[in-house]
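Below, all heavy atoms of this structure are taken into account, side chains as well, without hydrogens, waters or symmetry copies. All residue numbers refer to positions in the sequence shown, counting from 1. What you see is a predicted model; the values in this text were computed from it and never measured.
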Amino acid sequence: MNLYVPILVLGLIAVAFAVGSAALATVVGPRRYNRAKLEAYECGIEPIPNPLGGLGNDIASGSVTRQRIPVKYYLTAMLFIIFDIEIVFLYPWAVYFDSLGLFGLIAMALFIFNVSVAYAYEWRRGGLSWD
């Protein structure tokens, strides 16, 4: 049990810091609300209201804001996931590179090839160019 005490203390400090920072920000922070700050903001697209009775009626808030989101947002999210997964697997491989030998090198080469295929797909679909 004594081995876990430092981990629990660190966890408690992290939780206390997070809760304390959020509480302090609400007490001390500026309160300059305006219409633009209170509007819903999603992916950089301004919500366009549909006619009443159309698709996307949000009964709870009384607003109607369903619209199509461009594919570029999904491609950007996919690109983030591709490189995030790549980095997560590259760090442990780099740490144990010497002990893995030829098997580790071949496994990582196959992994990099697999990630490169996803990268090429993203590039071909135009996910790397932002208008």
According to the interplanar angle, ranging from 0 to 90°, do the rings of Y119 and W123 count as parallel (below 30°), tilted (30 to 60°) or perpendicular (above 60°)?
tilted

If I take atom CG from residue N114 and atom CD1 from residue I82, how far apart are they, to the nearest 0.5 angstrom?
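Atom-to-atom, N114:CG and I82:CD1 are 10.0 Å apart.
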
If I take atom CG from residue L3 and atom CG from residue L8, how far apart are they, to the nearest 0.5 angstrom?
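Answer for the CG-CG pair, L3 versus L8, is 11.0 Å.
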
Only residue of L12, I7, I13 satisfying side-chain contact (heavy atoms from CB on, under 4.5 Å) with V9 is I13

List for me each residue that meets ring pair (Phe, Tyr, Trp, His ring centres under 6.0 Å) alongside F89, sequence neighbours excluded, and say none if there are none.
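By the ring pair (Phe, Tyr, Trp, His ring centres under 6.0 Å) rule, F89 matches F111.
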
Is the backbone N or O of T26 less than 3.5 Å from a side-chain atom of R31, with the two atoms forming a donor-acceptor pair by type?
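Yes.
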
Would you find a donor on one side and an acceptor on the other, under 3.5 Å apart, between the side chain of S21 and the backbone of A18?
no

Hydrophobic cluster membership, I85 vs I87, 4.5 Å side-chain cutoff
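As far as the 4.5 Å side-chain criterion goes, I87 and I85 are not connected within one cluster.
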
Single-linkage hydrophobic cluster, 4.5 Å side-chain cutoff, L105 and Y96 together
yes

Apart from F113 itself, residues in the same hydrophobic cluster as defined by side-chain heavy atoms under 4.5 Å:
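Result for F113 is V117.
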
Are I112 and L90 side-chain neighbours, meaning at least one heavy-atom pair lies under 4.5 Å?
yes

Quick one, M108 and L100 - any side-chain contact, counting heavy atoms below 4.5 Å?
no

